[in-house]
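Just so you know, these numbers use all the heavy atoms, side chains as well, and skip hydrogens, waters and symmetry mates. Numbering starts at 1 and runs along the sequence shown.
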Amino acid sequence: MMKLEDQEILRQFNKHFYELKNSNIVIYGIGVRTQFLLERIPKGKIFGLMDQQKTGEVLWGYKVLSYEEVSQLPNPIIIILARNSVVNIIYRRIEQFAKENQIPVFNIEGKRLDQNDFVLQHHSCFSLKKAELMEKIIQAKAISFDVFDTLITRKVLRPADIFEIMQKKYNLPNDFAQIRHQLEVSIVDYQPTIEQIYQLIQQHYHLTAKQAAQWLNCEIEVEKQYLIRRENMCQILNECISLGKDVYLISDMYLPKNILSDILHALSIDSYKDLLVSCDYNKKKATGLFDEYLLANNLLPSDCLHIGDDFYADIQAAKHLEIDSYQIYKPIEMLEYSCYSFLLEKAKSLEEKIVLANFAVNAYNNPFDKYGQYGKLYIRNTQELVQLILAPIIFKYNLWLIQTSIQKNLSQIIFPSRDGYLLKQIYEESQRIFNQLTIPKAHYFYTSRRSAMIAATENKIDFNRIFDFPDDRPFHKMIAARFGVVFDEETNRENLTASDYQQLLVACQKERQNYLKYAESFAAILQQSVGLVDLVAMGSVQYSLERLLSTEFEGLYFLKRKPTVDYLNNLQISSMCVSQSDYLTNVNIYNYYYFLENIITSFEPTVLNFDNQGQPVFAMENRSQQQLQVLKECHDEIRNYCLTMNQLCWQPLEWQAEITIYDLLLGLFSKEYTIIENLDVLSIENLDEFMGKIICEVNR
């Protein structure tokens, strides 16, 4: 039986395009709906297809055309065949091309897109109220819930992404994801179980029954790994039970009841009377599963309320039987309708899709949350701020550290205080998870710009380099803070005498001796190939440490700023973020790195120098106990995020996506994209002893 959405697509095409004369129709989109349409209209009605990833291929007898090929067609028109929520996203992708070549662009409903300025509209999915649903629940005798994207959801943008993850994680054939999807959708005569699908896979790949069973188990394991509860919907299910309602679960799915119930049990979803799955009945909701539900439980349609996310399978199919229904929206769909929909255009690789899906399922897990216009997020606590916005780019930096250190064949990694404190913890947790890789050993090393530069100072050139660093304090106070030497108030740079320089040099030599005592325990490490981590820097600390310790490091920077002095240009430094001007504002990392530095720093103050036993001497702590407690919460959440993402990452060496999607997520920190309440985390500050100033830079 033809699905309701398929019927509608065919009807709309016939209504708006079937009789079109003297035009070459090109369909943008290569999903199952396109395949369905092409198989049901005469061959000459469509000229070709468009898709960024499949250009040049032939699908269902139609070539996937390049932009140039489309532009050279006589009288071309483009139909975007996709869900309404993503049509605008796709149109933005081809808007400039279409306008330059004067090519009309339509959606399947015949609306001409290139003649409309797209203004994001506030969608009803951001205005749902739990009280409205509870009123319906109270009136009903029996409540049924859809399962996937209603009670639970996946951390992937599309369900078929699970097959690509399987393919990569278990080294399955390169076409497995495509074949797995095609074999499932090719079954039209019955509703297959996963066992029946894998019987076809067994035949296709000439597997033994044991091998097919292993692959099937792999899919179930990946499903479990990427599933997450929708907490508020599960709470509503429990409230239904408390109200004495009969609760049922009804799912269109290829996982039979015995498997799906185990998955739900693992997610602590057990309080229901029965679970009806389409593959067990060989019927979907729209083709008889709702009838089976009513019959088996002796229910009248007027007794029932069904809650689900799919307009056709849950809402229209229930309406067809006069069952009352309530539509919620899946997190990914809410993302598509939100002011963050532009993120979807950037998610090309599987890595980017997983990271963005993780954002969506956390941002929009609650369909009844308070959202601003166009789904704008309210950030109410530190956990939300860190998980949604700050942690992703720290996770990416950790991945990059692992990849780069292995690529450069490093044997040891130095994580300097204070920025390296949390980064080292995340790195070592990754070592434990990715124990199949030979990842360089991590070491925490006490240092600071002040301690390293002063200890490395040997001559007047070095003094001048230190004097050149900006400082708003009077010269004599700057000297006292940086060198620990007291001069009178009249002292300035121009009237320093040879005796003054000698006094400064003696202080530097004493600091060097004590610093080298501390570094003695690192002597064997420093003889090897060593990476030096730094969050954001030009290289002044690395330059000083190399001179002080008589070694060369491979700098591994989150962001290498462009040096303003020549002597830093010859350092060996790799940077995750490409060096650009400090005045560049369209890269979010440049906008918020001060705030990031404050968030990832350690709980200890800055190292001033080292005592006679080679032990670090710390500056006074300027942060309050409350700020340090908030900092601990931030660290916990960042570690939790990185742990979760590491567990979803099948092989860190393969996650090689650009940082674009991570930088865009960081950019949501802006007031333009989020409403952030007055959180304590925004007031965390650090004292820069060397520069003589408090750093409390949020820059929203």
Side-chain angles (χ1 to χ4, degrees), residues 154-157 161-172 174 177 218 221-222 224-226 346-359 386-387 390-415 419-420 422-443 529-535 554-559 574-578 589 600 635 637-663 665-666:
R154 299 178 179 97
K155 296 179 182 180
V156 291
L157 288 186
D161 291 342
I162 292 291
F163 311 145
E164 189 175 349
I165 294 167
M166 280 181 63
Q167 177 180 307
K168 294 180 178 295
K169 183 174 182 178
Y170 297 107
N171 295 314
L172 301 183
N174 291 335
C218 288
E221 288 306 309
V222 172
K224 290 178 179 178
Q225 187 179 13
Y226 280 80
K346 307 299 181 182
K348 300 295 191 297
S349 70
L350 192 54
E351 171 190 343
E352 293 163 318
K353 292 176 184 177
I354 292 170
V355 169
L356 188 53
N358 193 71
F359 168 82
V386 172
Q387 290 280 328
L390 304 181
I393 202 157
I394 301 300
F395 163 74
K396 181 62 172 177
Y397 180 45
N398 179 65
L399 267 186
W400 180 86
L401 283 177
I402 293 171
Q403 294 164 352
T404 306
S405 62
I406 292 176
Q407 175 191 350
K408 293 186 174 295
N409 199 30
L410 301 176
S411 56
Q412 310 288 334
I413 303 289
I414 295 290
F415 287 82
D419 293 351
L422 174 62
L423 296 175
K424 176 176 178 286
Q425 294 177 354
I426 296 169
Y427 179 91
E428 290 184 321
E429 180 62 33
S430 300
Q431 277 186 307
R432 289 189 284 273
I433 293 174
F434 305 128
N435 54 23
Q436 77 278 15
L437 299 176
T438 304
I439 298 176
K441 188 175 181 180
H443 307 272
S529 54
V530 183
L532 180 70
V533 170
D534 209 334
L535 195 73
E554 176 69 42
L556 302 171
Y557 292 9
F558 176 90
L559 167 61
S574 299
S575 178
M576 182 182 78
C577 307
V578 177
I589 290 167
I600 71 163
H635 285 201
E637 292 301 331
I638 292 172
R639 281 198 302 271
N640 289 340
Y641 178 92
C642 292
L643 175 61
T644 297
M645 294 306 296
N646 280 340
Q647 291 169 341
L648 299 182
C649 177
W650 55 88
Q651 169 52 272
L653 301 185
E654 292 187 16
W655 280 40
Q656 296 276 359
E658 299 286 331
I659 65 165
T660 304
I661 199 75
Y662 299 91
D663 186 68
L665 289 175
L666 179 62

(request) Locate the shortest heavy-atom distance separating I406 from P440; write the atom from each residue and the value. (result) CG1-CD, 4.4 Å

(message) Looking at every non-hydrogen atom in both residues, tell me the closest pair between W400 and S575 and how far apart they are.
(response) CZ2-C, 3.5 Å

(request) First locate atom CG of L410, then atom OG1 of T404, and finally report the distance between them rounded to the nearest 0.5 Å. (result) 9.0 Å

(message) Under 4.0 Å between a side-chain nitrogen and a carboxylate oxygen: does that hold for E658 and K348?
(response) no

(message) With a 3.5 Å distance limit and no angle check, can you tell me whether N358 reaches the backbone of I354 through a side-chain donor-acceptor pair?
(response) no

(request) Determine whether Q656 and Q403 make a side-chain contact, defined as any pair of heavy atoms from C-beta on separated by less than 4.5 Å. (result) yes

(message) Please determine whether side-chain contact (heavy atoms from CB on, under 4.5 Å) holds for the pair Q412 and H443, giving the CA-CA distance in whole Å, both sets of side-chain angles, and the decisive distance to 0.1 Å.
(response) CA-CA 8 Å; Q412 310 288 334; H443 307 272; 2.5 Å; yes

(request) Hey, could you give me the CG/NZ distance between L157 and K353, rounded to the nearest 0.5 Å? (result) 7.0 Å

(request) Give a yes or no on whether the backbone of L437 and the side-chain of Q431 come within a donor-acceptor separation of less than 3.5 Å. (result) no

(request) Tell me, with the steps shown, if I426 and E429 meet side-chain contact (heavy atoms from CB on, under 4.5 Å). (result) CA-CA 5 Å; I426 296 169; E429 180 62 33; 5.8 Å; no

(request) Measure the CG-CD1 distance between L643 and I638 for me, rounded to the nearest 0.5 Å. (result) 13.5 Å

(request) State whether E428 and R432 are salt-bridged, where the test is any N-O pair (Lys NZ or Arg NE/NH1/NH2 against Asp/Glu carboxylate O) under 4.0 Å. (result) no

(request) Check W655, Y427, Y397 against I402 for a side chain to side chain contact (heavy atoms under 4.5 Å, CB included) and give me the one that passes. (result) Y427

(request) Hey, could you give me the CD1/NZ distance between I414 and K441, rounded to the nearest 0.5 Å? (result) 11.0 Å

(message) Between L350 and V156, is there a side-chain heavy-atom distance shorter than 4.5 Å?
(response) no

(request) Decide yes or no for F434 and L653: does some side-chain heavy atom of the first lie under 4.5 Å from some side-chain heavy atom of the second? (result) no

(request) Taking all heavy atoms of F415 and all of L401, pick out the closest pair and write down the distance. (result) CE2-CD1, 4.1 Å

(request) Would you indicate whether the side-chain heavy atoms of L423 and I394 approach each other to under 4.5 Å? (result) yes

(message) Between D419 and I600 (side chain of the first, backbone of the second, donor and acceptor by atom type, cut-off under 3.5 Å), is there such a pair?
(response) no

(message) Return the CD1 to CG distance between I589 and D663, rounded to the nearest 0.5 Å.
(response) 4.5 Å

(message) Please find the pair of heavy atoms, one from C577 and one from I659, that lie closest to each other, and give the distance.
(response) SG-CD1, 3.7 Å

(message) Before you tell me yes or no, could you show the steps for Q225 and W650 under side-chain contact (heavy atoms from CB on, under 4.5 Å), namely the whole-Å CA-CA distance, both residues' side-chain angles and the distance that decides it to 0.1 Å?
(response) CA-CA 11 Å; Q225 187 179 13; W650 55 88; over 6 Å; no

(request) Would you mind reporting whether Y641 and L390 have side-chain heavy atoms less than 4.5 Å apart? (result) no

(request) Compare all side-chain heavy atoms of F163 with those of L172 and state whether any distance is below 4.5 angstrom. (result) no

(request) Kindly check if the number of other-residue, nucleotide or ligand heavy atoms within 6.0 Å of NZ (K346) is above 12? (result) no

(request) Check whether any side-chain N or O of E352 sits under 3.5 Å from a backbone N or O of T660 as a donor-acceptor pair, and report yes or no. (result) no

(request) Check the pair T644, K155 against side-chain contact (heavy atoms from CB on, under 4.5 Å), reporting the backbone distance first and the verdict last. (result) CA-CA 11 Å; T644 297; K155 296 179 182 180; 3.5 Å; yes

(request) Could you label the plane-to-plane angle of the Y662 and F395 rings as parallel, tilted or perpendicular, counting under 30° as parallel and over 60° as perpendicular? (result) tilted

(request) Please check if atom CG in N174 has more than 12 non-hydrogen atoms from other residues, nucleotides or ligands closer than 6.0 Å. (result) no

(request) Check whether any side-chain heavy atom of S430 sits under 4.5 Å from a side-chain heavy atom of I439, and report yes or no. (result) no

(message) I'd like to know if the side chain of K396 reaches the main chain of I661, judged simply by a donor and an acceptor atom lying under 3.5 Å from each other, with no hydrogens or angles considered.
(response) no

(message) Rounded at 0.5 Å granularity, tell me how far CG in L399 sits from SG in C642.
(response) 8.5 Å

(request) Can you run down the salt bridge (Lys or Arg N to Asp or Glu O under 4.0 Å) pairs that involve residues 637-657, sequence neighbours left out, and say none if there aren't any? (result) D636-R639

(request) Say whether, by atom type as modelled, one donor and one acceptor occur between the side chain of S411 and the main chain of S529 under 3.5 angstrom. (result) yes

(request) Would you mind reporting whether S574 and K408 have side-chain heavy atoms less than 4.5 Å apart? (result) yes

(request) Mind listing the closest non-hydrogen atom pair of L648 and Y226 along with its distance? (result) O-OH, 2.6 Å

(message) Given 3.5 Å as the limit, does a donor-acceptor pair link the side chain of E164 with the main chain of A177, or not?
(response) no

